[in-house]
Amino acid sequence: MKRKGSMVVLIVLLLVLTACGESTTDQWQEQYDLGQKYLLEEDYEAAIVAFTAAIEIDPNEAAAYIGLADTYIGSANIDKAMEILQDAKEIMPDNDDIDKKIVELYKYQLDEANGDMEQIEKISESVLLLENGEEELYLQLAELYRSQVMYEEAIDVIERGQEVCGDSENLKASLEELEGEHREILFSFIPVEAASASRRYGDYDDDGTHELFASIHRMDEVEDEEGSQLWTAYYCKDDECTEIYSYYVYERENGCFGGREDIFGGLANFLHGYYVYSENNNKSMMVTQYYLFSVIDNQPILVKYEDSGVEIKFNDFSQYIEEQLTEP
């Protein structure tokens, strides 16, 4: 009996010595392989134990965190999976595999949200904070906002995607499409039908919300005795359009009426002007009539206008306006 007891002790000692003799790499690999085995078998409890042991052995190996996150995903504990990945991100802030897994999990969460905007908004808050995202994630999130006619949010997502992902043709195309659709929606709120219109779209009051300035020739208005057309300027934001000012356009030979965006007096402006191509002065374009609109204190206003008696060279017009706006 004494000899048998001695043999058991010897075997235990040999096992301990063998374990102690294993390198950290070997110990990590053993636990990681066990975790993968249990994960494939959907034995999530055992997989959690194995992957956790691997992380304790070497907390700088990203694969064990990813395996543990996959285990929690498999057991439908998405929040815990994200928590594991965020912990890994703090330890390894520049690890591409962790970044890709976080993006993958956000995409999975968006799919699983099933149109629940409260959940989507929550995910969006985190996505917008990412420093390393993928364009597919931003396109997916933007499309969800677009489906709910939430264009401002969709545009914000794509613009953030451009900041993170850099020059992307897909993101650029998506932004152009979103802005075009939003512009048309805002224009549709104008309460009268337009025969023709000049439109400019942008964030004129710098509050993060896009607005539309539109000057329209109304279908229900006829020309006056001099052949002038009555135009009306509108400012559209959210789901409302405000009428700002009405004015006659005095047409001339070789002339056209058009709008443009510019910065005058330190403000973003919508300029609606009449331009004439003169036979004189090397056929340079002259401005003969203009109306300058902007947003001040959240209110759209007519900042400056001249509707007769002016002939300003187009190339000199910006300087001319600045001088007009700075006059006491």
Side-chain angles (χ1 to χ4, degrees), residues 155 176 179-180 182-190 192 194-218 221 223 228-238 240-278 280-328:
I155 290 169
E176 290 176 354
E179 289 183 336
H182 191 213
R183 182 169 56 246
E184 292 304 315
I185 288 173
L186 290 174
F187 188 73
S188 71
F189 293 127
I190 293 177
V192 296
S196 57
S198 180
R199 294 175 280 183
R200 289 297 180 271
Y201 170 86
D203 183 7
Y204 288 95
D205 54 4
D206 199 28
D207 68 346
T209 303
H210 292 81
E211 303 94 40
L212 177 76
F213 274 110
S215 191
I216 68 168
H217 174 217
R218 296 168 54 153
E221 293 291 344
E223 297 179 353
S228 302
Q229 299 175 348
L230 180 63
W231 287 61
T232 302
Y234 288 91
Y235 170 79
C236 304
K237 183 174 183 176
D238 299 326
E240 295 183 359
C241 283
T242 302
E243 183 177 328
I244 310 171
Y245 189 72
S246 292
Y247 46 94
Y248 281 100
V249 175
Y250 301 97
E251 293 193 11
R252 300 188 184 188
E253 187 177 355
N254 299 323
C256 63
F257 211 38
R260 80 182 213 206
E261 300 170 37
D262 216 323
I263 302 292
F264 297 117
L267 298 172
N269 298 270
F270 168 56
L271 174 69
H272 202 204
Y274 197 77
Y275 311 107
V276 174
Y277 293 88
S278 173
N280 301 320
N281 202 16
N282 296 323
K283 296 187 177 181
S284 64
M285 189 161 60
M286 306 291 288
V287 180
T288 61
Q289 186 179 352
Y290 71 86
Y291 303 85
L292 185 66
F293 302 94
S294 191
V295 181
I296 298 178
D297 296 331
N298 297 318
Q299 296 297 320
I301 64 169
L302 175 64
V303 178
K304 186 78 177 176
Y305 76 96
E306 291 181 82
D307 56 14
S308 63
V310 295
E311 286 194 356
I312 310 157
K313 291 181 182 178
F314 182 81
N315 291 338
D316 298 335
F317 186 72
S318 294
Q319 181 179 349
Y320 174 82
I321 287 292
E322 288 291 354
E323 292 173 352
Q324 292 292 308
L325 293 177
T326 56
E327 285 184 356

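All residue numbers refer to positions in the sequence shown, counting from 1.
Partners of Y201 by side-chain hydrogen bond (donor to acceptor under 3.5 Å, both in side chains), not counting sequence neighbours, listed by chain and number: H182. Here I301 pairs with I296, V303 under the side-chain contact (heavy atoms from CB on, under 4.5 Å) rule; sequence neighbours left out. The side-chain hydrogen bond (donor to acceptor under 3.5 Å, both in side chains) search around E184 returns R199, not counting sequence neighbours. Taking F317 as the reference, Y290 meet the ring-ring contact (aromatic ring centres under 6.0 Å, His included) condition, with sequence neighbours excluded. By the side-chain hydrogen bond (donor to acceptor under 3.5 Å, both in side chains) test, T209 is found to be paired with no residue, residues two or more places apart in sequence or in another chain being considered. Residues that satisfy the ring-ring contact (aromatic ring centres under 6.0 Å, His included) test with Y235, not counting sequence neighbours, are F213.
Between the CZ atom of F293 and the OH atom of Y305 there is a distance of 10.5 Å, given to the nearest 0.5 Å. From L302, atom CG reaches atom OG of S294 across 10.5 Å, with rounding to the nearest 0.5 Å. Taken from CD in E311 to CD in E306, the straight-line distance is 12.0 Å, to the nearest 0.5 Å. Here the CG-OH distance, from N298 to Y204, works out to 16.0 Å after rounding to the nearest 0.5 Å. Summarising the geometry, atom CD1 belonging to I185 is positioned 13.0 Å from atom NE2 belonging to H210; distances are rounded to the nearest 0.5 Å. Atom-to-atom distance recorded for S246:OG and L230:CG is 5.0 Å, nearest 0.5 angstrom.
In this structure, the ring of Y291 has its center less than 6.0 angstrom from the ring center of Y247.
For S215 against W231, the heavy-atom pair with the smallest separation is O-CZ3, 3.3 Å. Taking both residues in full, the closest heavy atoms of I244 and Y234 are given as CD1-C, 3.9 Å, listed atom of the first, atom of the second, then distance. Heavy-atom minimum distance, E211 versus L186: C-CD1, 4.1 Å.
Between K313 and M286, some side-chain heavy-atom pair lies under the 4.5 Å cut-off. Using a 4.5 Å cut-off on side-chain heavy atoms (C-beta onward), T232 and V192 make no contact. Considering only heavy atoms from C-beta on, V310 stays 4.5 Å or farther from V287 through its side chain. The closest side-chain heavy-atom distance from K237 to D205 is below 4.5 Å.
Using modelled atom types, no side-chain atom of D307 and backbone atom of Q289 make a donor-acceptor pair closer than 3.5 Å.
Counting non-hydrogen atoms of neighbouring residues, nucleotides and ligands closer than 6.0 angstrom, the CD atom of E243 exceeds 12 such neighbours.
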Query raised in the report: side chain to side chain contact (heavy atoms under 4.5 Å, CB included) between I321 and N269: does it pass, once the steps are laid out?
Result: CA-CA 11 Å; I321 287 292; N269 298 270; over 6 Å; no
